[in-house]
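In what follows, every heavy atom counts, from backbone to side chain, and hydrogens, waters and symmetry copies are set aside. All values reported here derive from a predicted model rather than from experimental measurement.
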Amino acid sequence: MKTVIYSTLYQVCILTLTLTSCKKDKKIELAVYHLDGLTNAKVQNAKCGIDLSNGLLYSIDEGKPISDKIDIAYGFMMGGNPSIYERIFLDINRAGCLCAGATFFSYGDDKNPKLGYSTYTTKNSTELYPATGIVDFEKIASEKTKSALDQYFPKDVVVNNEAFLSANGSPITYPYIFFKTTSGKRGVIKVGVFGVNLSANYQLETNPISIDIIVEL
């Protein structure tokens, strides 16, 4: 009789511990990636195409066969008053339109036939929202929950397909770019430190940067 009671109590204890353990395990809902060596799209073979969902980086040529996976590109575009060239992220729909400053996202636009993102068959329209205040990126990356992302994700904002990373050659005040991909995945990019442009033709240089990405699984 005692053996049966002890056995039952043992099973109850194991079940209780299992349930307690399950309650403590938080569901991971976000992925975190780090990318080094992003380079200006104007430079041939530049690593400028970004797959935000999987944290992958591609050159223009590498990205062409899988253009449906490329969400944004990094390069330079004219902006400001007076006109200056600035580092920027563009969605592929805009980067491939051959309008405004898109020539700096399509190396070889002076050649025939034209090269670069303008030749992509699939052009994703990723929504971009530059941060307007402090973002606790490390907290979101550590918790890996949608609720942590919700705390900072912009609400009631105008949809934009571009996000400048610099002004007058210096990093923006809040180096965070929120996004929503064509497939509906939300996330945020943290822009790494980069040097101030010094050369006269810096818009044609590689101008490498690094980024960290948090995105919904």
Side-chain angles (χ1 to χ4, degrees), residues 19-39 41 47-58 63 66-75 77 79 86-95 105 117 122-167 170-194 208-217:
L19 291 174
T20 303
S21 176
C22 289
K23 287 181 180 178
K24 288 182 179 180
D25 290 338
K26 285 194 287 188
K27 183 180 178 182
I28 296 177
E29 300 173 311
L30 307 175
V32 183
Y33 304 107
H34 176 78
L35 291 179
D36 279 316
L38 282 75
T39 46
K47 292 282 188 177
C48 54
I50 306 169
D51 172 356
L52 292 170
S53 297
N54 299 293
L56 297 173
L57 184 61
Y58 298 96
I66 51 169
S67 56
D68 60 316
K69 296 183 181 298
I70 308 297
D71 298 300
I72 58 174
Y74 163 68
M77 181 174 174
E86 295 290 5
R87 302 171 195 242
I88 187 174
F89 287 132
L90 279 180
D91 74 1
I92 297 303
N93 185 56
R94 180 73 183 278
F105 283 81
Y117 284 119
T122 300
K123 298 176 181 177
N124 291 327
S125 297
T126 301
E127 299 173 7
L128 298 170
Y129 318 101
T132 57
I134 296 173
V135 176
D136 195 338
F137 188 91
E138 286 68 30
K139 176 184 177 183
I140 303 173
S142 174
E143 293 191 8
K144 293 185 175 65
T145 61
K146 291 185 179 182
S147 60
L149 178 63
D150 289 339
Q151 184 177 347
Y152 296 96
F153 199 87
K155 299 175 179 63
D156 301 322
V157 293
V158 177
V159 174
N160 207 337
N161 58 10
E162 64 183 31
F164 283 92
L165 313 182
S166 62
S170 298
I172 55 178
T173 303
Y174 303 108
Y176 307 98
I177 311 295
F178 290 91
F179 63 84
K180 183 178 180 181
T181 68
T182 303
S183 61
K185 292 188 177 183
R186 301 177 308 150
V188 58
I189 299 167
K190 179 182 178 182
V191 181
V193 177
F194 55 81
I209 63 171
S210 65
I211 61 173
D212 291 291
I213 303 168
I214 298 175
V215 61
E216 291 176 323
L217 292 170

For Ser53, give me all partners under side chain to side chain donor-acceptor pair (under 3.5 Å), at least two apart in sequence or on another chain.
none

Would you say the side-chain atoms of Asn161 pair up with the backbone N or O of Arg94, donor to acceptor, closer than 3.5 Å?
no

Can you tell if the side chain of Phe194 reaches within under 4.5 Å of the side chain of Pro171, non-hydrogen atoms only?
yes

Distance-only, no hydrogens or angles: does the Tyr117 side chain make a donor-acceptor pair with backbone N or O of Gly49 under 3.5 Å?
yes

Locate the shortest heavy-atom distance separating Leu128 from Phe179; write the atom from each residue and the value.
CD2-CB, 3.9 Å

N/O donor-acceptor pair under 3.5 Å between Thr39 side chain and Pro208 backbone
no

Results of side chain to side chain donor-acceptor pair (under 3.5 Å) for Asp68 - residues two or more places apart only:
none

Only distances under 3.5 Å count here; give the side-chain donor-acceptor pairs of residues 132-142 to other protein atoms, sequence neighbours excluded, each with its distance to 0.1 Å.
| unit_1 | atom_1 | unit_2 | atom_2 | d |
| --- | --- | --- | --- | --- |
| Asp136 | OD1 | Lys139 | N | 3.0 |
| Glu138 | OE2 | Lys190 | NZ | 2.9 |
| Lys139 | NZ | Gln151 | OE1 | 3.0 |

Evaluate whether atom CG of Leu217 has more than 12 neighbouring non-hydrogen atoms of other residues, nucleotides or ligands under 6.0 angstrom away.
yes

Can you name the side chain to side chain donor-acceptor pair (under 3.5 Å) partners of Ser210, sequence neighbours left out?
none

When Ile50 is tested against each of Leu57, Asp71, Ile189, Thr126 for side-chain contact (heavy atoms from CB on, under 4.5 Å), which residue passes?
Leu57

Please report the interatomic distance CD1(Ile28) to NZ(Lys144), rounded to the nearest 0.5 Å.
6.0 Å

Can you tell me if Lys123 uses its side chain to pair, donor with acceptor, with the backbone of Ala95 under 3.5 Å?
no

Can you sort out the partners of Thr145 under side chain to side chain donor-acceptor pair (under 3.5 Å), two or more places apart, ordered by chain and number?
Ser147

Any sub-3.5 Å donor-acceptor pair from Ser125's side-chain atoms to Asn93's backbone N or O?
no

Side chain to side chain contact (heavy atoms under 4.5 Å, CB included) for Leu52 and Lys185? Distances and angles first, verdict last.
CA-CA 9 Å; Leu52 292 170; Lys185 292 188 177 183; over 6 Å; no

Nearest atoms (heavy-atom pairs only) where Asp91 meets Ile72
CA-CG2, 4.1 Å

Set of ring-ring contact (aromatic ring centres under 6.0 Å, His included) partners for Tyr129, sequence neighbours left out:
Phe153

Mark yes or no for whether Asn124, through its side chain, and Ile70, through its backbone, hold a donor-acceptor pair below 3.5 Å.
yes

Taking all non-hydrogen atoms of both residues, which atom of Phe89 and which atom of Ile209 are closest, and how far apart?
CZ-CD1, 4.4 Å

Between Arg186 and Glu216, is the closest basic N to carboxylate O distance under 4.0 Å?
yes

Quick check: does any side chain N or O of Glu29 sit under 3.5 Å from a backbone N or O of Lys146, one acting as donor and the other as acceptor?
yes

In Å, rounded to the nearest 0.5 Å, how long is the span from CG of Leu56 to CD1 of Ile66?
7.5 Å

Using a 4.5 Å cut-off on heavy atoms from C-beta on, say whether the side chain of Ile211 contacts that of Tyr74.
no

Please give me the minimum heavy-atom distance between Glu143 and Ala148, naming the atom from each residue.
OE1-CB, 3.5 Å

Of the non-hydrogen atoms in Ile177 and Phe164, which two are nearest, and what is the gap between them?
CD1-O, 4.4 Å

Closest non-hydrogen atoms of Leu149 and Phe178, given as atom of the first, atom of the second and distance, are CD1-CE2, 4.3 Å

